[in-house]
Engineer: 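Would you mind keeping the following structure in view while I ask a few things?
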Amino acid sequence: MKIKITSFVFSLTLVISTSLFSPSVIAQTNEIDCSQDQAKQKGKRKRRRAGAANRDCNTKQVQINQDTGEAIVVVIEEKVEPKVYVPRTFSPVPRPRSDQFQAKIPIPDRWRIVEALGYKERWYDPYNRNVLKADRPVHGEDWFFNLGVISDTLYEKRDAATPVGGQSSNNPGQIDQFGGYEQSLLNENLALEFVYYKGDTTFKPPEYEYRFIPVFNYNHTRIDEILGLNVDPAQGKTRTDNHIGIQALFIDKHLRDVSSNYDFDSIRFGIQPFSSDFRGFLFQDSPFGLRLFGTRNNNKLQYNLALFRRFEKDTNSGLNDLGKALRNDDLFIANVYLQDKPTLGFFSQFSYIHNRNRDGTIFYDNNGFIARPASLGTERPNDYDVNYLSYNGDGHFGRLNLTTSISYAFGKESHGTFTDTQSDISAYFLAAEASIDYDWIRLSASFLYGSGDDDPYDNKSNGYDAIFENPQFAGADTSYWIRQANPLIGGGKVALSARNGILNSLRSSKEHGQSNFTNPGIGLLGVGMDMEILPELSFSMNANYLEFATTEVLEVARQQADIDKEIGLDLSAAFIWRPLNSQNIVLRLSYARLFTGKGFEQLYGQGDVDSLLLNIILTY
């Protein structure tokens with residue numbers, strides 16, 4: 001290996017020296033020679049010595065005779081400073097000495113290796129190794145325990161029509177169907193989740209799972225009128241209540257694996273949460289029942305077969321009430337999810353649900369109001385068998401995010417709401433929400449339509465109603481119309497639309513009432529915008545235009561002619577702040593205002609209404 005070094009100053013010195021002392025030399029250069037042992041290295045694999053150059057080098061002086069052209073080589077014994085290579089530092093732990101090596105130490109299992117190294121756990125830290133968060137077995141080799149705690153605190157101030165009778169108003173001059181509009185609510189739910197399971201869930205489903213979720217509720221409500229909160233006027237205008245509901249209590253057994261990719265079949269028995277679709281349009285509840293579920297084709301196909309019976313709900317908290325007998329309200333559910341159908345990144349779901357209802361007895365809620373049958377029309381107990389065929393999709397087509405839902409309800413009920421004869425159910429529902437992301441901004445557009453009944457006196461029920469809806473759509477509970485219950489008739493306790501519901505179902509309540517397929521239907525067109533202002537802070541806005549699909553049912557129920565279809569324009573906005581940039585602390589502040597349309601004003605005689613909501617969620 002030869003490296004040629006040429007320097008202007010050094011060359012100038014050489015020229016002067018050769019001119020004075022050696023006239024026959026016309027050129028001189030210096031070269032570094034590292035090949036003195038080249039013959040010895042030939043044929044051998046070269047390897048750089050750690051921390052230094054390969055080998056030492058000498059400097060050669062080459063002179064050329066002017067007369068003969070002969071090159072004269074003079075070797076100068078001078079070593080070139082080698083390059084210094086700093087070795088990498090891979091670990092701060094010093095290399096053990098020979099006297100520090102020990103024999104093998106037995107470890108019970110791979111979960112407890114860090115314990116042998118002296119690692120300390122903190123039970124209150126969910127982010128690091130913690131036995132309460134299923135980071136190591138509680139006993140044996142693969143029995144784990146996971147504890148979850150969620151505190152959900154909500155304060156709400158709202159304008160909402162309060163249904164009262166003419167004899168029960170507490171304010172002078174208020175003898176109409178509806179009293180004061182100002183209401184407030186403080187609600188606290190404390191949920192504890194205990195999960196005990198067996199299996200290595202990193203690679204496959206658990207072999208056994210036991211889950212228990214009790215929810216402790218406290219609620220305090222204040223309104224402007226007596227008789228709005230309790231059938232007894234002496235109870236006044238405030239109500240404080242509490243309840244303990246069991247939202248999950250089940251055992252899950254892994255039956256078998258059917259492929260090397262851990263496709264499986266499992267069965268679950270007990271009280272279990274279940275949602276029939278991606279957005280909670282048709283059924284989202286925690287019923288009691290038996291569910292067979294599993295996957296195929298490397299999790300690209302998922303299926304559910306379930307048989308459920310619904311619980312009565314606590315009236316004021318909405319939680320399961322195990323102190324009352326199960327309702328005579330049964331569901332059979334069969335659905336299948338197809339991943340990447342019809343295109344990559346989009347899920348398709350096909351669903352069939354049969355709802356058999358035989359809640360034929362009279363039922364009063366916890367506040368003393370009649371809940372079944374609804375105080376509307378003939379006021380007779382009703383039985384029905386209804387089938388729902390649905391397609392639901394969720395995912396994206398390129399940059400376009402899309403959620404869709406199509407549902408058709410058909411069946412029979414023992415009699416219509418306003419008739420004494422058997423009625424055929426035939427109704428449909430359509431919904432779609434499309435969105436697209438532009439960096440930190442997401443723009444969305446929403447459409448929803450539920451068919452209405454245009455003739456309440458025939459033997460056809462054409463108004464679409466769900467089983468137990470909880471829609472996450474078009475702003476969800478930030479929206480005034482979705483969040484608030486809107487009564488229909490003063491004193492009758494029939495709601496035009498239910499709390500946390502979007503359909504105009506004319507039920508006594510979503511918690512206790514039966515599905516009603518003689519209703520005015522609903523139409524919605526909306527736009528929205530979500531902005532990730534900071535990693536911890538987001539902001540959303542929604543504007544939804546609402547109207548009735550038909551108004552004939554309303555005109556009969558209210559004995560009021562020519563009711564307009566327009567409900568109004570629902571505007572809402574919400575800030576969501578996560579101070580730790582995680583879901584452990586979430587604060588939400590939202591405001592909604594319904595700019596009422598002609599139809600709403602004809603029903604309630606009231607202008608614009610609004611609501612303010614503060615929600616704090618703490619999660620462990």
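Since this is a predicted model, take the numbers as computed values, not measurements.
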Engineer: Regarding Asn462 and Ser426, do their side chains bring together a donor and an acceptor under 3.5 Å, going by distance alone?
Structural biologist: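 No, no side-chain donor-acceptor pair sits under 3.5 Å.
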Engineer: Here's one to test your reading of the geometry: is the NZ or CZ of Lys324 within 45 degrees of the ring axis of Phe363 and under 6.0 Å from its centre?
Structural biologist: no
Engineer: Does Arg483 pair with Asp477 as a salt bridge, N-O distance under 4.0 Å?
Structural biologist: yes
Engineer: What pairs with Ser317 under side chain to side chain contact (heavy atoms under 4.5 Å, CB included), at least two apart in sequence or on another chain?
Structural biologist: Asn217, Asn219, His243, Asp314, Leu319
Engineer: Should Glu469 and Lys510 count as an ion pair when the cut-off is N to O under 4.0 Å?
Structural biologist: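 Looking at Lys510 together with Glu469, the answer is no, because their closest N to O distance does not fall below 4.0 Å.
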Engineer: Got Arg158 and Leu185 here, is their nearest side-chain heavy-atom distance under 4.5 Å?
Structural biologist: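 A side-chain contact exists here, since the closest heavy-atom pair is under 4.5 Å.
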Engineer: Would you find more than 12 non-hydrogen atoms of other residues, nucleotides or ligands less than 6.0 Å from Met531 atom CE?
Structural biologist: yes
Engineer: Would you call Asp330 and Arg309 a salt bridge, using N to O less than 4.0 angstrom?
Structural biologist: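 Salt bridge flag = yes for Arg309 with Asp330.
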Engineer: Is it true that Ser390 and Ser407 share a donor-acceptor pair across their side chains at a distance under 3.5 Å?
Structural biologist: yes
Engineer: Could you grab the distance from atom CG of Leu569 to atom CG of Asn544, nearest 0.5 Å is fine?
Structural biologist: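 The distance works out to 8.0 Å.
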Engineer: Under 4.0 Å between a Lys/Arg side-chain N and an Asp/Glu carboxylate O for Arg358 and Asp385?
Structural biologist: yes
Engineer: Testing Phe350, Phe278, Phe429, Tyr408 one by one against Tyr391 for a ring pair (Phe, Tyr, Trp, His ring centres under 6.0 Å), which residue passes?
Structural biologist: Phe350
Engineer: Measuring from Asn516:CG to Ser461:OG, what's the distance to the nearest 0.5 Å?
Structural biologist: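 Answer for the CG-OG pair, Asn516 versus Ser461, is 8.0 Å.
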Engineer: Decide yes or no on ring pair (Phe, Tyr, Trp, His ring centres under 6.0 Å) for Phe288 and Phe269, but give the supporting numbers first.
Structural biologist: CA-CA 8 Å; Phe288 175 81; Phe269 176 74; 5.4 Å; yes
Engineer: Can you list everything that forms a ring pair (Phe, Tyr, Trp, His ring centres under 6.0 Å) with Phe600? Sequence neighbours excluded, please.
Structural biologist: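 If we apply the ring pair (Phe, Tyr, Trp, His ring centres under 6.0 Å) test to Phe600, skipping adjacent residues, the hits are Tyr604.
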Engineer: Would you check if Ile522 and Leu448 make a side-chain contact, meaning some heavy-atom pair closer than 4.5 Å?
Structural biologist: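 They are in side-chain contact.
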Engineer: Between Tyr388 and Tyr428, is the ring centroid distance below 6.0 Å?
Structural biologist: no
Engineer: Side-chain contact, heavy-atom cut-off 4.5 Å: Leu524 with Ser446?
Structural biologist: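 They are in contact (side-chain heavy atoms under 4.5 Å apart), so the answer is yes.
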Engineer: Do the non-hydrogen side-chain atoms of Leu282 and Tyr464 ever get within less than 4.5 Å of each other?
Structural biologist: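 Side chain of Leu282 against side chain of Tyr464, heavy atoms only: contact under 4.5 Å found.
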Engineer: Got Asp420 and Thr378 here, is their nearest side-chain heavy-atom distance under 4.5 Å?
Structural biologist: yes
Engineer: Would you please name every residue forming a ring pair (Phe, Tyr, Trp, His ring centres under 6.0 Å) with His396, sequence neighbours left out?
Structural biologist: none
Engineer: Less than 4.5 Å apart, side chain to side chain, heavy atoms only: is that true for Ile362 and Ile370?
Structural biologist: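 Answer yes - side chains close enough.
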Engineer: Could you tell me if Ser479 and Asp570 have a donor-acceptor pair between their side chains, going purely by distance under 3.5 Å?
Structural biologist: yes
Engineer: Between Asn504 and Asn519, is any side-chain donor less than 3.5 angstrom from a side-chain acceptor?
Structural biologist: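 No - no donor-acceptor pair under 3.5 Å links their side chains.
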Engineer: Just do the side-chain hydrogen bond (donor to acceptor under 3.5 Å, both in side chains) check on Asn355 and Asp329 with the steps written out, would you?
Structural biologist: CA-CA 7 Å; Asn355 183 201; Asp329 191 5; 2.7 Å; yes
Engineer: Does a salt bridge link Lys313 with Asp285, judged by any charged N lying under 4.0 Å from a carboxylate O?
Structural biologist: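 Yes.
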Engineer: Taking atom CH2 of Trp481 and atom CG of Asn486, what is their separation to the nearest 0.5 Å?
Structural biologist: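 Separation between the atoms: 4.5 Å.
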Engineer: Does atom CD (Glu182) have a neighbourhood of more than 12 heavy atoms from anything else shown, all under 6.0 Å?
Structural biologist: no
Engineer: So, Gln484 and Glu156: side-chain donor and acceptor under 3.5 Å apart, yes or no?
Structural biologist: yes
Engineer: Taking Glu188 for its side chain and Leu186 for its backbone only, find out whether a donor-acceptor pair lies under 3.5 Å.
Structural biologist: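 Flag not set: sc Glu188 to bb Leu186 has no pair under 3.5 Å.
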Engineer: Show your working on side-chain hydrogen bond (donor to acceptor under 3.5 Å, both in side chains) between Ser351 and Asn335 and close with a plain yes or no.
Structural biologist: CA-CA 4 Å; Ser351 174; Asn335 62 33; 4.7 Å; no
Engineer: Please say whether the positively charged group of Arg291, taken as NZ for Lys or CZ for Arg, lies over the ring of Phe293, i.e. under 6.0 angstrom from the six-membered ring centre and within 45 degrees of the axis.
Structural biologist: yes
Engineer: Using the rule given for side chain to side chain contact (heavy atoms under 4.5 Å, CB included), can you reason through His512 versus Thr315, listing the C-alpha separation, both sets of side-chain angles and the distance that settles it, and then say yes or no?
Structural biologist: CA-CA 8 Å; His512 300 298; Thr315 305; 2.9 Å; yes
Engineer: With rounding to the nearest 0.5 Å, note down the distance linking CZ in Phe468 to OG in Ser286.
Structural biologist: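 Spacing of CZ (Phe468) from OG (Ser286) equals 9.0 Å.
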Engineer: Apply side-chain hydrogen bond (donor to acceptor under 3.5 Å, both in side chains) to Asn316 and Asn367, showing your working.
Structural biologist: CA-CA 9 Å; Asn316 300 323; Asn367 300 317; 3.0 Å; yes
Engineer: Does Glu601 use its side chain to pair, donor to acceptor, with the backbone of Gly607 at less than 3.5 Å?
Structural biologist: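 Not a single qualifying donor-acceptor pair exists.
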Engineer: For a 4.5 angstrom cut-off between non-hydrogen side-chain atoms, does Ser276 reach Ile353?
Structural biologist: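 Yes - at least one pair of side-chain heavy atoms lies under 4.5 Å apart.
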Engineer: With respect to Gln514, which candidate in Asn357, Asp465, Asp383, Asn382 satisfies the side chain to side chain donor-acceptor pair (under 3.5 Å) definition?
Structural biologist: Asn357
Engineer: Nearest 0.5 Å please: distance from the OH atom of Tyr181 over to the CG atom of Asp610.
Structural biologist: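 The CG atom of Asp610 is 12.5 Å from OH of Tyr181, to the nearest 0.5 Å.
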Engineer: Any side-chain to backbone donor/acceptor pair from Asp159 onto Gln183? Under 3.5 Å, distance only.
Structural biologist: no
Engineer: Are Arg593 and Phe595 in a cation-pi contact, defined as NZ or CZ under 6.0 Å from the six-membered ring centre and within 45° of the axis?
Structural biologist: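 Judged by the rule (NZ or CZ under 6.0 Å from the ring centre, within 45° of its axis), Arg593 counts as positioned above Phe595.
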Engineer: In Å, rounded to the nearest 0.5 Å, how long is the span from CG of Asp455 to OG1 of Thr518?
Structural biologist: 10.0 Å
Engineer: Does the side chain of Leu496 reach to within under 4.5 Å of the side chain of Leu603, using non-hydrogen atoms?
Structural biologist: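 Sidechains of Leu603 and Leu496: in contact.
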Engineer: Just by distance, do the side chain of Ser184 and the backbone of Lys157 share a donor-acceptor pair under 3.5 Å?
Structural biologist: no
Engineer: Do Asn230 and Gln235 pair up side chain to side chain, a donor and an acceptor below 3.5 Å, judged on atom types alone?
Structural biologist: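 On atom types as modelled, these side chains do not qualify, holding no pair under 3.5 Å.
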Engineer: Decide side-chain hydrogen bond (donor to acceptor under 3.5 Å, both in side chains) for Arg279 and Thr403; before the verdict, give the C-alpha distance in whole Å, the side-chain angles of both, and the deciding distance to 0.1 Å.
Structural biologist: CA-CA 8 Å; Arg279 296 295 186 95; Thr403 294; 3.1 Å; yes
